[in-house]
Amino acid sequence: MEQALQKICGKRVTTDPFECAPYAKDVAYIPGFFVHLLTNPVPKAVVQPISVEEISSLIKWAKQGKIPVTVRGGGSTAYFNSVPMRSGLVIDTNRLQGFSKLELSQGSNRKMVWVKAGMTWKDLDDGLRQQGCAVCSSPSSAPSATIGGWVSMGGLGIGSVPYGPVHDQIMAIRGVTATGEIVELSRPGKDLTKIQGSEELGLQFDDLMGTEGTRGIITEIKLLVRDVPEKEEHLLAVFNSETDTGSMMSWLGGENLTSLYNVHFSSPEFIMTLQEAGYAHEIPLGKFSLEIDLEGKRDEVDVAVAHIRKHVKVLGGTLLPDGVGAEEWADRFKSLRLEQTLPSLQAAEITLPVSNFAAFYEGLSKLAQKTNTLCVTYAHLVSPEMALVMVLYPSDELNTIRYIADLSFISQIYKLGQSFGGKPYVIGLWNTPYLGKVYDRGERERRRQRKQALDPQALLNPGKGYNPPSIILNSYVFGFGMIMIGLLRPLVLKILKGGKGR
């Protein structure tokens with residue numbers, strides 16, 4: 001195998017078990033016995049291609065031998081999106097680096113760049129700013145998340161309020177199909193050249209976005225970018241209740257403020273944990289906070305600031321002194337700073353109608369109190385109507401029984417979120433039991449048909465996103481198991497004296 005791969009990628013290949021082992025995990029800890037019960041995660045080989053041609057040759061080679069292929073960028077998710085299910089080959093895209101000169105789109109004169117898939121969002125933004133431009137939006141994991149990775153995922157994050165998901169900012173994609181063909185796909189309605197017969201292959205523009213590397217491999221995207229704004233303001237408002245905070249979030253979403261760029265929510269528990277780790281001491285304990293980030297023309301920003309100040313006061317909130325919001329903005333990529341205090345965390349991430357945010361948070365607080373669980377919550381407004389909510393809670397990865405028992409709480413969070421119109425954000429492996437909560441029956445069938453048409457051998461990232469890959473992850477079996485474990489969890493915590501994970 002190694003010799004065959006070296007003919008394609010030279011020395012950028014390894015089959016050494018020690019060097020392949022890190023590719024069997026992502027940022028989430030999952031007990032080893034549970035992982036190996038469901039998957040075979042250690043790849044037989046890892047390659048680091050430097051061109052789309054090399055990736056094409058790799059896919060054709062893997063297809064000939066019916067070897068599963070998993071694509072990996074930064075590995076910054078927690079759902080095994082980029083971890084092999086069936087060993088095989090991992091294509092590490094981190095050597096696909098760089099972006100093109102700025103160019104103008106036809107008609108709108110908006111600026112665009114071609115960006116290679118292995119570049120991180122922070123590196124791209126830093127490079128663009130040297131030319132007076134910036135990315136429109138970015139993930140909260142921008143220092144490690146790659147271009148191709150975030151496009152393959154949900155694409156919601158910082159800057160999504162004015163610019164939408166990253167998928168709306170892509171004008172064209174270059175990639176490789178499951179048959180090894182190189183294609184360029186343009187956004188429908190745009191007069192961009194297609195190459196190597198994408199129409200004959202049946203691959204569509206949307207097939208490479210949000211499908212988690214299961215229908216093709218992204219190698220490069222043509223991305224809309226923006227000019228660096230004239231002015232920025234970063235306000236930090238605190239409120240006494242989730243109701244007032246939720247009202248402020250809904251108001252911000254509905255006011256059509258042209259300079260509103262980002263809104264970040266922090267729960268009192270999140271703030272408390274940050275302070276225990278040595279951060280955010282300027283934020284009063286027991287308060288709910290909203291960081292409100294504004295960017296744009298100077299006069300638009302100034303008008304928005306005055307408007308926001310008035311409404312914060314109407315809701316009984318307080319704006320903290322200048323500089324506090326700017327400091328939190330500078331730490332926007334460090335939400336997991338709290339791991340200095342809570343080193344073992346489990347998490348659930350959902351999209352939720354912002355109109356139901358306060359009710360969801362109230363329900364979560366009651367659930368946390370009932371189950372004696374410390375819930376540490378933060379959220380981003382990602383559209384005028386929608387929030388992306390992360391709920392974290394402490395566990396103990398050194399105690400397998402405790403950790404497995406705590407897994408059941410994720411199901412309870414998802415169930416609560418669903419009752420308020422929410423759903424899991426991404427699928428990967430661990431959220432396959434919740435496919436029915438993310439897509440209706442018709443959409444699930446349409447997705448399965450697209451996968452079958454484009455990748456009939458299930459070569460690309462198999463076991464992810466379409467059907468639970470094991471009877472254990474079947475929605476009914478898994479759901480019943482989580483209910484039973486959830487019933488036993490209080491007893492387990494009591495015996496282990498886990499309490500709130502402290």
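Source: prediction; values computed, not measured.
Although no hydrogens or angles enter the test, the distance criterion places a donor-acceptor pair under 3.5 Å between the side chain of Gln275 and the main chain of Ala280. When atom types are taken as modelled, the side chain of Ser383 and the backbone of Met386 share a donor-acceptor pair closer than 3.5 angstrom. Put simply, the side chain of Asp331 never gets that close to the backbone of Glu328: no donor and acceptor are under 3.5 Å apart. Checked by atom type and distance alone, the side chain of Thr146 never pairs as donor or acceptor with a backbone atom of Gly73 at under 3.5 Å. When atom types are taken as modelled, the side chain of Asp207 and the backbone of Gly216 share no donor-acceptor pair closer than 3.5 angstrom.
By the 4.5 Å heavy-atom criterion applied to side chains, Met249 and Leu290 are counted as neighbours. Side chains of Ile350 and Tyr414 form a contact here, defined as non-hydrogen atoms less than 4.5 Å apart. Val376 places a side-chain heavy atom less than 4.5 Å from the side chain of Leu342. A 4.5 Å side-chain heavy-atom check between Asp92 and Tyr23 finds at least one atom pair inside the cut-off. Put simply, the side chain of Ile218 does not reach to within 4.5 Å of the side chain of Val71, judged on heavy atoms. The shortest distance between side-chain heavy atoms of Leu104 and Met112 does not fall below 4.5 Å. Residues Phe288 and Pro268 form a side-chain contact, since some pair of their non-hydrogen atoms from C-beta on lies under 4.5 Å apart. Contact of the Leu367 side chain with the Gln412 side chain is registered, since non-hydrogen atoms from C-beta on lie closer than 4.5 Å.
Using modelled atom types, one finds a donor on one side chain and an acceptor on the other under 3.5 Å when comparing Gln418 with Lys437. A side-chain donor from one of Lys287 and Asn240 sits under 3.5 Å from a side-chain acceptor of the other. Side-chain contact check for Ser137 and Gln169: at least one donor-acceptor pair (N or O, by modelled atom type) lies under 3.5 Å. Neither side chain, Glu212 nor Thr214, offers a donor N or O lying under 3.5 Å from an acceptor on the other.
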Item to check | Residue pair Asp302, Lys231: steps toward the salt bridge (charged side-chain N to carboxylate O under 4.0 Å, His left out) verdict | outcome: CA-CA 9 Å; Asp302 291 340; Lys231 184 176 183 179; 2.4 Å; yes
Item to check | Glu184 and Arg174: CA distance, side-chain angles, deciding distance, salt bridge (charged side-chain N to carboxylate O under 4.0 Å, His left out) verdict | outcome: CA-CA 4 Å; Glu184 181 177 312; Arg174 291 172 181 156; 2.9 Å; yes
Checklist entry - Stepwise, does the side-chain contact (heavy atoms from CB on, under 4.5 Å) test hold for Phe360 with Asn356? => result CA-CA 6 Å; Phe360 167 78; Asn356 293 336; 5.5 Å; no
Item to check | From CA spacing to verdict: side-chain contact (heavy atoms from CB on, under 4.5 Å), Phe205, Leu185 | outcome: CA-CA 5 Å; Phe205 183 73; Leu185 300 166; 4.2 Å; yes
Next on the checklist: What verdict does the salt bridge (charged side-chain N to carboxylate O under 4.0 Å, His left out) test give for Arg309 and Glu233, after you've listed the backbone C-alpha separation in whole Å, the side-chain angles of each residue and the deciding distance to 0.1 Å?
Outcome noted: CA-CA 12 Å; Arg309 287 184 183 277; Glu233 282 285 348; over 6 Å; no
Item to check | Full working for side-chain contact (heavy atoms from CB on, under 4.5 Å) between Ile170 and Met209 | outcome: CA-CA 10 Å; Ile170 297 172; Met209 297 190 295; 3.7 Å; yes
Next on the checklist: Walk me through whether Arg489 and Thr373 qualify under side chain to side chain donor-acceptor pair (under 3.5 Å).
Outcome noted: CA-CA 11 Å; Arg489 181 171 176 254; Thr373 303; 3.0 Å; yes
Checklist entry - How far apart are the C-alpha atoms of Asn81 and Lys464, what are their side-chain angles, what is the distance that settles it, and do they pass the side-chain contact (heavy atoms from CB on, under 4.5 Å) test? => result CA-CA 7 Å; Asn81 308 83; Lys464 317 285 179 62; 5.7 Å; no
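In this view, Glu443 and Arg446 satisfy the salt bridge (charged side-chain N to carboxylate O under 4.0 Å, His left out) rule, not counting sequence neighbours. Listed by chain and number, the residues in a side chain to side chain contact (heavy atoms under 4.5 Å, CB included) with Pro229 are Arg226, Glu232, Glu295 (sequence neighbours excluded). Not counting sequence neighbours, the partners of Tyr29 by the side chain to side chain contact (heavy atoms under 4.5 Å, CB included) test are Pro31, Glu397, Tyr403. Listed by chain and number, the residues in a ring-ring contact (aromatic ring centres under 6.0 Å, His included) with Phe270 are Tyr378 (sequence neighbours excluded). Residues passing the side chain to side chain contact (heavy atoms under 4.5 Å, CB included) test with Ser365 are Tyr361, sequence neighbours excluded. Listed by chain and number, the residues in a ring-ring contact (aromatic ring centres under 6.0 Å, His included) with His307 are Trp251 (sequence neighbours excluded). With sequence neighbours left out, the ring-ring contact (aromatic ring centres under 6.0 Å, His included) criterion links Phe478 to Tyr434. By the ring-ring contact (aromatic ring centres under 6.0 Å, His included) test, His234 is found to be paired with Trp329, residues two or more places apart in sequence or in another chain being considered. Under the side chain to side chain contact (heavy atoms under 4.5 Å, CB included) criterion, Asp123 pairs with Met119, Thr120, not counting sequence neighbours.
The cationic group of Arg444 does not satisfy the cation-pi geometry with Tyr439, failing either the under 6.0 Å distance to the six-membered ring centre or the 45° limit from the ring axis. A cation-pi arrangement, defined by a distance under 6.0 Å to the six-membered ring centre and an angle within 45 degrees of its axis, is present between Arg337 and Tyr279.
Glu362 has a carboxylate O that lies under 4.0 Å from a charged side-chain N of Lys366, or vice versa, which qualifies the two as a salt bridge.
Close placement of the Phe80 and Trp430 rings is indicated, their centers lying within 6.0 Å of each other. Remark: aromatic rings of Phe420 and Phe357 are distant, center separation not under 6.0 Å.
Contact between Gly486 and Pro490 at its shortest, heavy atoms only, is O-CD, 3.3 Å. The heavy-atom pair separating Cys136 from Leu224 by the smallest distance is SG-O, 3.6 Å. Closest approach of Ala134 and Leu128 over heavy atoms only: C-CD1, 3.9 Å. For Pro165 against Gly154, the heavy-atom pair with the smallest separation is CB-O, 4.3 Å. Contact between Cys375 and Ala368 at its shortest, heavy atoms only, is SG-CB, 3.8 Å. What you find for Ile485 and Ser408 is that their closest heavy atoms are CG2-CB, 3.8 Å.
Within a 6.0 Å sphere centred on NZ of Lys415, other residues, nucleotides and ligands contribute 12 heavy atoms or fewer.
Here salt bridge (Lys or Arg N to Asp or Glu O under 4.0 Å) pairs that include residues 98-113, with residues two or more places apart or in two chains, are Glu103-Lys222, Lys111-Asp227. Residue pairs meeting the ring-ring contact (aromatic ring centres under 6.0 Å, His included) criterion with at least one partner in residues 116-158, sequence neighbours excluded, are Trp121-Trp150.
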Could you pull out all donor-acceptor pairs under 3.5 Å where a side-chain atom in residues 313-323 meets a protein atom, sequence neighbours excluded?
none

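Results of the side-chain contact (heavy atoms from CB on, under 4.5 Å) test with Ile292 over Leu260, Asn262, Leu257 single out Leu260 as the only residue that passes.
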